[in-house]
Amino acid sequence: MTQETTTVIEHRLFQGDYRLLKLSAPAVGPLVQPGQFVHLRVPRLADAVLRRPFSVFKADAAGLSILYKSVGKGTAALTTVTEGEEINLIGPLGTGFPMIGKNTKTPVLVAGGYGNAALYLQAAKLPVKGIAFFGGRSAIDILCVDEFKTLGWDVRVTTDDGSLGQKGFVTAALDLWLAEQKNLQALELFACGPNAMLKAVGDRAIQNSLTAWLSMDRNMACGVGACLTCVIKRKTAAGWEWARCCKDGPVFEAREILWDE
Amino acid sequence: MTQETTTVIEHRLFQGDYRLLKLSAPAVGPLVQPGQFVHLRVPRLADAVLRRPFSVFKADAAGLSILYKSVGKGTAALTTVTEGEEINLIGPLGTGFPMIGKNTKTPVLVAGGYGNAALYLQAAKLPVKGIAFFGGRSAIDILCVDEFKTLGWDVRVTTDDGSLGQKGFVTAALDLWLAEQKNLQALELFACGPNAMLKAVGDRAIQNSLTAWLSMDRNMACGVGACLTCVIKRKTAAGWEWARCCKDGPVFEAREILWDE
Amino acid sequence: MNEKPDMRIKIGSLEMKNPVTVASGTFGYGPEYADLVDLDRLGAITVKGICTEPHVGNSTPRTFETSGGMLNAIGLPGPGAQGFIKKYLPFFENYRVPLIVNIWGKTVEDYSRVAEIFNDQARISALEVNVSCPNVKEGGALYGTDVNLFRTVVDAVRIKTQKPLIIKLAPNVADIKVFARAAEECGADAVSIMNSYPAMAIDIETRKTQLANRTGGLSGPAIKPIAIKLVWEAAKVIKIPIIGMGGIYSPEDALEFIIAGASAVAVGTASFTDPSTVVRVIEGMEKWMAARKISSVAELKGTVQA
Amino acid sequence: MNEKPDMRIKIGSLEMKNPVTVASGTFGYGPEYADLVDLDRLGAITVKGICTEPHVGNSTPRTFETSGGMLNAIGLPGPGAQGFIKKYLPFFENYRVPLIVNIWGKTVEDYSRVAEIFNDQARISALEVNVSCPNVKEGGALYGTDVNLFRTVVDAVRIKTQKPLIIKLAPNVADIKVFARAAEECGADAVSIMNSYPAMAIDIETRKTQLANRTGGLSGPAIKPIAIKLVWEAAKVIKIPIIGMGGIYSPEDALEFIIAGASAVAVGTASFTDPSTVVRVIEGMEKWMAARKISSVAELKGTVQA
Ligand SMILES: Cc1cc2nc3c(=O)[nH]c(=O)nc-3n(C[C@H](O)[C@H](O)[C@H](O)COP(=O)(O)OP(=O)(O)OC[C@H]3O[C@@H](n4cnc5c(N)ncnc54)[C@H](O)[C@@H]3O)c2cc1C
Ligand SMILES: Cc1cc2nc3c(=O)[nH]c(=O)nc-3n(C[C@H](O)[C@H](O)[C@H](O)COP(=O)(O)OP(=O)(O)OC[C@H]3O[C@@H](n4cnc5c(N)ncnc54)[C@H](O)[C@@H]3O)c2cc1C
Ligand SMILES: Cc1cc2nc3c(=O)[nH]c(=O)nc-3n(C[C@H](O)[C@H](O)[C@H](O)COP(=O)(O)O)c2cc1C
Ligand SMILES: Cc1cc2nc3c(=O)[nH]c(=O)nc-3n(C[C@H](O)[C@H](O)[C@H](O)COP(=O)(O)O)c2cc1C
Ligand code: FES
Ligand code: FES
């Protein structure tokens, strides 16, 4: 983990409401592992004391990029940064996705929203390519399909309105597909997206005794494990303990997580 | 007085540290009287609750302009506004310079800093042109000399370092000139600039039984007379009372003002 | 489309057509903002604090901007009760908006006297008692933070006025509930929460305080979360209405106070930032409620989940 | 060029090479920021509040951003005294920086017991007693705002430890001087001012409070003027050093606290905004003083004009 003042190399509309922000980050870029995130100080947000966390979409020695959507005042301010401007970041942060287990034949990605971006590095890194389920409200919300295809993944899309791929929830498509699989033990799941989706994926994995790695999105303050803001309940022998999404996560195995009701 | 959302028409370095900001203000522009000011909400100053007051340099139906220097966080933020951007303002505010008295033959302007700008409309409006004393640290700080000359004023410049005009304080030049005048009662003074200069001008006027209109610069909050932040002591029969620079001023006659110590 | 929500509220016998007023000291005596704000659009106008006699207030500087707020130590200058009646009351003959006069004193007798003087003025709709001004050494701070003195003042004023009586509480106490209850027990018709919070800033180069009075009151968005908490706490123990204030800049801010337990709200520092705030707040609240089919402010009041 | 100013200060027997520490709860237990901050550069490290037994703290959400600040209601989760000794104390063997441990309890016995446990730990340089945490219903708020309970706790801790003892005062009191004096009289070596201020925010759509605990503490730039005022007040009545905190983001902010009367300062929320703040503050203070030929922090302390 390091702190770096980066420079905006590229900033543009990516697709739908999502923007691509590419930063020159020679110190942080090369260190990023799949599923890790960076904590940005948003410029021109003078009355805000907190940074904003974003998953790393792509990263290399030259820089790193994120895909984000304007949902509040921090991300709205972020949309106004221009090429050449400086952005301070801390990263890479958190514990990302692990390598697939040695018995895994088919890795399965499940994503919604910025989850597609958060899974990209993992999709690129995994030595075996499998199947990717992407869900969203509408065609415009489904990011990076071609990029995953290019990497060699079998991409299955679902949209709530049927404007792209199958109509319905991504978990329904996953269910159908899981029901067809003979050798469930050859599967391993990696998911990032809305909470409800993560829980649904986790539940299916547990029912089928599969391993599922879920990247959790929790409000954060410090981003480095110091403030205990971003905690979730992690099961222990005795019951549960708090685990920090920013440090112990954001990626947790489904069986570790104790969901609140 | 009205509140208007204006558009930046022009924004550029004017001279030295001073910038010119020209706003399209069809509602406020035509109402401005010499010596009045506008109260700007500086864009991108999210953690600041107060507006910033600026004298109107020029104004007409098309718009109004101010000359300002970056001295703190508000004016620093102001330097970043770009053409086409919106700025909310309240104006015109305050009681400006009066017309010259009917016995006045020679109006005398005394200015330093943005005072040169604050006096421009008065210089343009006065039916008789007289003499203008402009002081500053260095040549670069003396604004608008040619503009005043074009209006028909006899401009005398002093600088602390002698880089333009006479070396020394503007009040010294004024003293020399006053000493030469036969008919002091034909003079009337109008001044805007640093406090020390205003006091010195006022003292000279009182010693010589002249009328001197001084535009006072005080920190402001509301700008409209409501909060009682910007008060100075105004002499009364019984002693003194508070007068509000934003409403009763900024222009006061020298004999009205009770200077603190 | 949607029906207009019922914005009316009552403070004792005072009926306000909407729950939005301005905070004392941030809106002058009435005329100052009349060019910029349609005064009759407001639920009420609350004027700057007035004492029996004319008062000169503090030296300058009197205000200072801080992060998300400002300090003020104006020191309650003013024309005195008779001066106000002569100089400013006639102005209100041209308006229908209810007038709340904020009063203060250096002694219990001052409070009692000024309440008595204003009791005869038909144009004045209610009195708000400032026991919490942090700036006047001679009293303010003390009356607002010592519950016995506090009761003495409320009693003294109550006895002298038939007008709706609002007590403005000091925020710098360990337990606001004690003072809210005391106000209710002494017969106040409402409490207002909160006054600016005692605070200070220093110029590190000159080593002088940024205010001539040394300390002043902090107001603005910075204090909103403190004010919300105090309103919420007080609302748990009193039945009389609360006028909530502290950093209200938007309809959403005002609604947050109502949901916390306030019956009405006041816009303060925000008028300096943008004089149109108070009308924007009224219109925005109406729109927000209409869109959600909330039929009245009363229905929304105190609906924070327990 | 200019000579380096003498930045050293003492808190009881604890010698700090500079007057800058971090605020408890904003810097974890030490290791969390070690990659980003040169820990040995600090005057001291103050860790998150610890109780005798492990504690689970509040549900989430635990923090919420506000204008110029944030609310927190973490609820003092932690590994307990023995857990801290085992899990985190060894980490500090690789550092020379003095370690201040913040302690709290639900009962006077808790306070006394945790002080006793830590008294035997040589690596711990001082104890800071949190009597002011606004989040734990079982005690915090009460101990910090009732002067009799306050004295009981300070006495109970004082008797159990020979280490320098810092009492962290609650800001939500009518008169901070009472508590500052009580701490001094009970033998504290220093007081720290201020803890976060009790506050609240509500989501108007869901009508839920933004924190699971409902109320939380306000920290950050928003509260700096309140903290400066409290430090200035306390400095008038006590001789023991004050550690000032509340919204320190820059060297200038830290200097303002020193000039107001603090001997040392702590950087809190600012570490979230920018982890480099604490080192930037130390370096900036040094530079500022050198440029003005101020030879020591001690010389600067309390130099605000009276
Ligand atoms: C590990 C992690 C990775 C993320 N990756 C991405 C990404 O790649 N692309 C993307 O668009 N978004 C991502 N998010 C969500 C993103 O951080 C939020 O959208 C953003 O913080 C919203 O800030 P705001 O100021 O616009 O919203 P506001 O609602 O104004 O923010 C107020 C506060 O709430 C917090 N907050 C609001 N929404 C969220 C949220 N969904 N998650 C966490 N904190 C939130 C903010 O950080 C801030 O502290 C990620 C979140 C986490 C925790
Ligand atoms: C009637 C009037 C007319 C003015 N006309 C001009 C003009 O034409 N051109 C120009 O460059 N400046 C003018 N000024 C001064 C200008 O308002 C200040 O330079 C500006 O407010 C500084 O703001 P800041 O945020 O950059 O400084 P900061 O020091 O960061 O401001 C902090 C606070 O102090 C106030 N403040 C700081 N300096 C001054 C000052 N000199 N006068 C009043 N308030 C101050 C600010 O308004 C703000 O509230 C005028 C001031 C007044 C009262
Ligand atoms: C410049 C100024 C003057 C004030 N004068 C008074 C006053 O005379 N009487 C009073 O009770 N409160 C006074 N207040 C306090 C406000 O009425 C209000 O309680 C406080 O500012 C909090 O609200 P805000 O954050 O919306 O400003 C004053 C506040 C300011 C900023
Ligand atoms: C997330 C968070 C956790 C905190 N935890 C503690 C704590 O455990 N013990 C304590 O005494 N103070 C705690 N505090 C209060 C801080 O130590 C400090 O007093 C307060 O935040 C004011 O300083 P600041 O404005 O610089 O943050 C905490 C503050 C924050 C923001
Ligand atoms: S955000 Fe601070 S511990 Fe995770
Ligand atoms: S600035 Fe408010 S009265 Fe002049």
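Each chain gets a letter, A, B and so on, in the order the sequences are listed, and its residues count up from 1.
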Measuring from [X]:[atom1] to [Y]:[atom2], what's the distance to the nearest 0.5 Å?
X	Y	atom1	atom2	answer
B/Cys246	C/Glu32	SG	CD	9.0 Å
B/Trp242	C/Ile74	CH2	CD1	10.5 Å
C/Leu36	B/Glu4	CG	CD	12.0 Å
B/Met1	C/Tyr33	CE	OH	9.0 Å
C/Asp35	B/Gln3	CG	CD	11.5 Å
C/Phe272	B/His39	CZ	NE2	9.5 Å

Is it true that atom [atom1] of [X] has more than 12 heavy atoms of other residues, nucleotides or ligands lying nearer than 6.0 Å?
X	atom1	answer
C/Lys86	NZ	no
B/Arg255	CZ	yes
B/Arg12	CZ	yes
B/Lys233	NZ	yes
C/Phe91	CZ	yes

Contacting moiety of [X], where chain B heavy atoms sit under 4.5 Å:
X	result
C/Phe64	neither
C/Pro61	neither
C/Thr66	backbone
C/Ser276	both

Treating C/Glu65 as the side-chain partner and B/Leu50 as the backbone partner, does any N or O pair qualify as donor plus acceptor under 3.5 Å?
yes
Spell out, as yes or no, whether a donor-acceptor pair under 3.5 Å connects the side chain of C/Arg62 to the backbone of B/Leu228.
yes
Search all heavy atoms of C/Gly69 against all heavy atoms of B/Val49 and return the closest pair with its distance.
O-CG2, 3.5 Å
Nearest heavy-atom neighbours spanning B/Arg51 and C/Asp274
NH2-CA, 3.9 Å
Name all pairs fulfilling the side chain to side chain donor-acceptor pair (under 3.5 Å) condition that reach into residues 20-38 of chain B, sequence neighbours left out, sorted by first residue then second.
B/Gln33-B/Lys125
Check: B/Ile90 and C/Pro275 side chains under 4.5 Å, non-hydrogen atoms:
yes
Could you tell me which of C/Pro31, C/Gly25, C/Gly28 has the largest number of non-hydrogen atom pairs under 4.5 Å with chain B?
C/Gly28
Is it the side chain or the backbone of B/Ile232 that comes within 4.5 Å of chain C heavy atoms, both, or neither?
neither
